[in-house]
Amino acid sequence: MKELLTQELVKEFLHYNPDTGVFTWLHRDKKWFKGEKQHCCDSWNTRYAGKVAGNTYTKPHNGKSYLQAVVLNEWYSCHQLAFMYMTGSIPDCIDHINGDGTDNRWCNLREATASQNSRNMKLSSLNTSGVTGVSWSESRQKWTSSINVKGKRVFLGRFSDIDDAVNSRKEAEKLYNYHPNHGSKRSL
């Protein structure tokens, strides 16, 4: 029977430092080992207890990196484990505020909807204007500004001056509750 992950179990297996975001493995009791329990238990504790937990994995579709660890024979993202450790539950969506999926400090994690999470994305590497939602229209010889709202693109206008296009986009971001980090230049 598969064991249900709880806050108590996470705290029995791992220590989480909310200031650094680092998990370390705790000494494990022999009740968690099958077969020659004492031998396996001693071996595991010698190898892992007190060591940093988590491996980096990179999502192939977007290249974003996260940390993950195995608890009760299941893989969990370390940001999920941080929520379980701190609150006793794992939300459907967790946003890394600074955009770094390997930074699991508690102050960098927030429960978010998928929509809120998408309003905290870095500047696309394909962007040529330096501002998300602002682009040059070759055919009109003007800067255009737009924003996505509830899955639909909202046209904000055409402008002769890039500063006017940027201002219209920034005002729309405030209006539609985009995160202040949205569209920032981040290495991750």
With a 3.5 Å distance limit and no angle check, can you tell me whether [X] reaches the backbone of [Y] through a side-chain donor-acceptor pair?
X: Glu74; Y: Val71; result: no
X: Gln68; Y: Tyr76; result: no
X: Asn181; Y: Ile97; result: yes
X: Arg169; Y: Thr132; result: yes
X: Ser77; Y: His79; result: no
X: Tyr16; Y: Trp106; result: yes
X: Asn55; Y: Tyr57; result: no
X: Asn120; Y: His179; result: no
X: Asn127; Y: Val131; result: yes

Carboxylate-amine/guanidinium proximity below 4.0 Å for Lys174 and Glu171: yes

If I take atom [atom1] from residue [X] and atom [atom2] from residue [Y], how far apart are they, to the nearest 0.5 angstrom?
X: Met84; Y: Cys78; atom1: CE; atom2: SG; value: 13.5 Å
X: Ile94; Y: Leu109; atom1: CD1; atom2: CG; value: 6.5 Å
X: Ser145; Y: Ile162; atom1: OG; atom2: CD1; value: 10.0 Å
X: Gln80; Y: Asp92; atom1: CD; atom2: CG; value: 10.0 Å
X: Thr102; Y: Asn108; atom1: OG1; atom2: CG; value: 9.0 Å
X: Ser129; Y: Leu123; atom1: OG; atom2: CG; value: 7.0 Å

Closest non-hydrogen atom pair between [X] and [Y], with its separation:
X: Ser168; Y: Ala165; answer: OG-O, 2.8 Å
X: Val149; Y: Val154; answer: CG2-CG2, 3.8 Å
X: Thr46; Y: Lys51; answer: O-NZ, 3.8 Å
X: Trp143; Y: Val134; answer: CE3-CG1, 4.0 Å
X: Pro18; Y: Met86; answer: CB-CE, 4.1 Å

Step-by-step side-chain hydrogen bond (donor to acceptor under 3.5 Å, both in side chains) determination, Asn104 to His96: CA-CA 8 Å; Asn104 292 308; His96 288 83; 3.0 Å; yes

Hydrophobic cluster membership, with links at side-chain heavy-atom distances under 4.5 Å among I/L/V/M/F/W/Y: are [X] and [Y] in one?
X: Met121; Y: Tyr66; value: no
X: Trp25; Y: Leu5; value: yes
X: Tyr85; Y: Tyr48; value: yes
X: Val70; Y: Val52; value: no
X: Leu72; Y: Leu26; value: no

side-chain hydrogen bond (donor to acceptor under 3.5 Å, both in side chains) between Thr144 and Ser135, intermediate numbers included: CA-CA 5 Å; Thr144 62; Ser135 60; 3.1 Å; yes

From CA spacing to verdict: side-chain hydrogen bond (donor to acceptor under 3.5 Å, both in side chains), Ser160, Lys142: CA-CA 5 Å; Ser160 298; Lys142 293 203 182 259; 3.1 Å; yes

Residues, nucleotides or ligands: over 12 heavy atoms within 6.0 Å of Asp161 CG: yes

Ring-ring centroid check Phe159 Trp136, cutoff 6.0 Å: no

Within the 6.0 Å centroid threshold, strictly below: Trp32 and Phe13: yes

Parallel, tilted or perpendicular, as decided by the 30° and 60° cut-offs, for the rings of Tyr178 and His182: perpendicular

Criterion side-chain hydrogen bond (donor to acceptor under 3.5 Å, both in side chains) on Arg153 and Ser146, from CA distance to verdict: CA-CA 7 Å; Arg153 187 178 197 129; Ser146 64; 2.9 Å; yes

Passing candidate, side chain to side chain contact (heavy atoms under 4.5 Å, CB included) with Arg119, options Ile147, Asn148, Asn177: Asn177

Salt bridge (Lys or Arg N to Asp or Glu O under 4.0 Å) evaluation trace for Lys170 with Glu173: CA-CA 5 Å; Lys170 294 301 180 190; Glu173 287 178 9; 3.6 Å; yes

